[in-house]
Amino acid sequence: MKSDNVKKGAQQAPHRSLFNALGFTKEEMNKPLVGIVSSYNEIVPGHMNLDKIVNAVKLGVAQAGGVPVVFPAIAVCDGIAMGHIGMKYSLVTRDLIADSTECMALAHQFDALVMVPNCDKNVPGLLMAAARINVPTVFVSGGPMLAGHVHGKKTSLSSMFEAVGSHAAGMINDEELTEFEEKVCPTCGSCSGMYTANSMNCLTEALGMGLCGNGTIPAVYSDRLRLAKHAGMAVMELLKRDIKPRDIMTKEAILNALTVDMALGCSTNSMLHLPAIAHEVGFDFDISYANEISEKTPNLCHLAPAGPVYMENLNEAGGVYAVMKELADIGLLHTECMTVTCETIGENIKSARNLNPDVIRPVDNPYSKTGGLAVLKGNLAPDGSVVKRSAVVEEMMVHEGPARVFDCEEDAIAAIKGGKIKEGDVVVIRYEGPKGGPGMREMLNPTSAIAGMGLGSKVALITDGRFSGASRGASIGHVSPEAAVGGPIALVEEGDIISIDIPNLKLNVQVSDEEMARRREKWQPREPEVTGGYLARYREMVTSGNRGAILEIPRR
């Protein structure tokens, strides 16, 4: 066992004395040490129940003959961090989580791990760590929140943000805004639509790193505790059979996850996280794979914010396995991939059934014949940009309009709420990319304001930052190269006509090459606002959005 490095032999007597200080018995010292990575805290609603999940995992590990040992991982609530400097600290935690987990796991020589994440950056961060550490590992998340109810309709956090826009436009009053505030988030759990947290938890099933139901069983259901116990038992079986994350997270498994992503209509943030996970297993993930897979993958689900369906509905309809079965039946999945069940994807999903074709459309009646995400390129985004195509209304699939240019999110929000954005406009928010932010802030506030003011089918938004999974409409993010490194988005001027053609995967500004060259000669890099601390180090090491905003040591 790996843990013998700290438990066995005369040389390890000092180590054993420290285990004695922890209260370990001799019997425990002869069993495998299983690290339980707990993302529990008291500030993230999706994490406030993780203490119960962790306790259930510990019972499962102990029942199967292991010794569970808990250590922490940090977590940021994107909703609470939204719209201020805190959002600069969201994406960047993905690497802090991966790095700190790697440190803890290898410093203490755990034999196996159970990862207990839930919200946005914890899932990809811990998947990255799992690939690096490469000891038998299972994921079990905290589960999604139940939908809220306002005026007899199900709601979620995106409804809340859009209500703020409606309030600013005078469409609802203070009392109605307060009603939303009190009712849209009724339980613990990751917010109830197909936002980033739920997207990544669902894709963990598709990758083969989580058990059936990991992405969809609601946080408040007792099924979630049973799942956690089974995760603890499962990791012991993986240890017995020596099945490790790199045996599971292969190139084919990552392409499976991207295929399921397209069918589910996941958050655009998956196009940051899948490349980052792929990087850790040595697979050079080109975001253009998204278009190749989208071309042949039907979009089967329209969960909030794309439609009036929530995670609890997907769970009742058969969950991620039912979606995967639909895809496998038409040959779109690599069914031979190994999983944490010690069986293949094909074996896992063979008995899955679609229990509600209104929630999971059959493959012969999809919402669209192409997948939920698209990568757009053109002279405005030579290296690519990403849009959640399944959340764009038909009339905005092709759009031309004048650029309304802002160098930060705050200026754009002020203009939107001040009534300065008109029908047909294309809002451009730049210097919000991985380096420019730094930290690549989510733009849920401006997209929600646009939607809440009734402009969602009339105004587009383009940024080198990123969007929340709760964003909807013609919201195009990850524009690469970003403005901070002199990408074309830095050269756009007020009033330039921007052309969006989602069906043909194009994003262009109608400015001649000669004029763009003249503008480039005059362009000067902006002085960074952040000159110290973690964000400054992050800015120096981070790559473009089209590469997943991974960290690389700068070349000298």
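No hydrogens, no waters, no symmetry mates; every other heavy atom, side chains included, goes into these values.
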Between Asp329 and Val363, is the side chain to side chain contact (heavy atoms under 4.5 Å, CB included) condition met? List the steps. CA-CA 9 Å; Asp329 284 348; Val363 289; over 6 Å; no
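- The pair Lys88-Glu409 fails the salt-bridge criterion, with no side-chain N (NZ, NE, NH1 or NH2) lying under 4.0 Å from an Asp/Glu carboxylate O.
- Residues Gly456 and Val393 approach most closely at O-CG2, 4.5 Å, considering heavy atoms.
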Side chain to side chain contact (heavy atoms under 4.5 Å, CB included), that's the test. Do Lys417 and Val164 meet it? Break it down for me. CA-CA 10 Å; Lys417 291 186 175 178; Val164 173; 3.6 Å; yes
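- Ala278 approaches Ile254 most closely through the heavy-atom pair CA-CD1, 3.6 Å.
- With contacts defined as side-chain heavy-atom distances shorter than 4.5 Å, the pair Ile429/Cys408 does not qualify.
- For the salt bridge (charged side-chain N to carboxylate O under 4.0 Å, His left out) criterion with Arg430, the lone passing option out of Asp411, Asp464, Asp407 is Asp407.
- A salt bridge is absent between Arg94 and Asp120: the closest approach of a Lys/Arg side-chain nitrogen to an acidic carboxylate oxygen does not fall below 4.0 angstrom.
- Contact check for Leu333 versus Val260: side-chain heavy atoms found under the 4.5 Å cut-off.
- When side chains are defined from C-beta on, Pro245 counts as touching Met209, because their heavy atoms get closer than 4.5 Å.
- Side chain of Ser385 to backbone of Leu376: a donor-acceptor contact under 3.5 angstrom is found.
- Summarising the geometry, atom CG belonging to Asn214 is positioned 11.0 Å from atom CG belonging to Leu207; distances are rounded to the nearest 0.5 Å.
- Donor-acceptor pairing under 3.5 Å is lacking for the side chains of Ser270 and Ser199.
- Asn269 and Glu442 share a side-chain donor-acceptor pair at under 3.5 Å.
- Side-chain atoms of Arg519 come within 3.5 Å of backbone N or O of Leu491 as a donor-acceptor pair.
- Under the 30°/60° scheme for interplanar angles, the aromatic rings of Phe180 and His151 are found to stand perpendicular.
- Side chains of Lys154 and Glu312 form a contact here, defined as non-hydrogen atoms less than 4.5 Å apart.
- In this model, a donor atom of one side chain and an acceptor atom of the other lie less than 3.5 Å apart for Ser267 and Thr196.
- Within 6.0 Å of the CG atom in Asp284, the count of heavy atoms belonging to other residues, nucleotides or ligands does not exceed 12.
- Residue-environment remark: CD (Glu395) exceeds the threshold of 12 foreign heavy atoms within 6.0 Å.
- A heavy-atom distance below 4.5 Å is not found between the side chains of Val509 and Pro488.
- Sparse packing is recorded around CD of Glu295, with 12 or fewer heavy atoms of other residues, nucleotides or ligands lying under 6.0 Å away.
- Panel note: side chain Lys183, backbone His149; no donor-acceptor pair is recorded below 3.5 Å.
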Would Tyr195 and Ser156 count as a side chain to side chain contact (heavy atoms under 4.5 Å, CB included) if you check the C-alpha gap in whole Å, the side-chain angles of each, and the deciding distance to 0.1 Å? CA-CA 10 Å; Tyr195 310 146; Ser156 60; 2.4 Å; yes
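- Between the side chain of Asn201 and the backbone N or O of Asn118, at least one donor-acceptor pair lies under 3.5 Å.
- Between Pro481 and Asp383, the shortest heavy-atom distance links the atoms CG-OD2, 3.5 Å.
- Put simply, the side chain of Leu274 does not reach to within 4.5 Å of the side chain of Ile287, judged on heavy atoms.
- Taking each heavy atom of Val492 and Ala403 in turn, the nearest pair found is CG1-CB, 3.8 Å.
- In this structure, the side chain of Thr344 does not engage the main chain of Glu336 through any donor-acceptor pair within 3.5 Å.
- The closest donor-acceptor contact from the side chain of Asp425 to the backbone of Lys422 lies under 3.5 Å.
- Not one N or O on the side chain of Ser90 forms a donor-acceptor pair closer than 3.5 Å with the backbone of Gly86.
- Between the CD1 atom of Ile413 and the CG atom of Asn445 there is a distance of 4.5 Å, given to the nearest 0.5 Å.
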Could you walk me through whether Arg518 and Glu514 satisfy the salt bridge (Lys or Arg N to Asp or Glu O under 4.0 Å) test, starting with their C-alpha distance in whole Å, then the side-chain angles of each, then the deciding distance to 0.1 Å, before giving a yes or no? CA-CA 6 Å; Arg518 281 192 290 271; Glu514 293 76 15; over 6 Å; no
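- In summary, the side chains of Ser368 and Arg389 do not present any donor paired with an acceptor at a separation below 3.5 Å, with no hydrogens or angles considered.
- Checked by atom type and distance alone, the side chain of Asn313 pairs as donor or acceptor with a backbone atom of Tyr310 at under 3.5 Å.
- With hydrogens and angles disregarded, a donor-acceptor distance shorter than 3.5 Å links the side chain of His399 to the backbone of Gly424.
- The CD1 atom of Ile550 lies 8.0 Å from the CE atom of Met128; values are rounded to the nearest 0.5 Å.
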As a quick check of understanding, evaluate side chain to side chain contact (heavy atoms under 4.5 Å, CB included) for Glu252 and Phe283, giving each step before the final call. CA-CA 10 Å; Glu252 290 74 20; Phe283 169 33; over 6 Å; no
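- Within a 6.0 Å sphere centred on CZ of Arg353, other residues, nucleotides and ligands contribute 12 heavy atoms or fewer.
- Using a 4.5 Å heavy-atom threshold, the side chains of Met516 and Asp513 count as separate.
- When every heavy atom of Glu482 is checked against every heavy atom of Pro434, the shortest pair comes out as OE2-CD, 3.2 Å.
- Remark: Met324 CE to Cys202 SG distance equals 11.0 Å, nearest 0.5 Å.
- Residues His273 and Leu203 fail the side-chain proximity criterion, which asks for heavy atoms closer than 4.5 Å.
- The CD1 atom of Ile489 lies 7.0 Å from the CD1 atom of Ile462; values are rounded to the nearest 0.5 Å.
- The two residues Leu91 and Arg466 have their closest heavy-atom pair at N-NH2, 3.7 Å.
- Asn508 contributes no side-chain N or O that, together with a main-chain N or O of Gln510, makes up a donor-acceptor pair within less than 3.5 Å.
- Here the CG-OG distance, from Leu380 to Ser480, works out to 11.0 Å after rounding to the nearest 0.5 Å.
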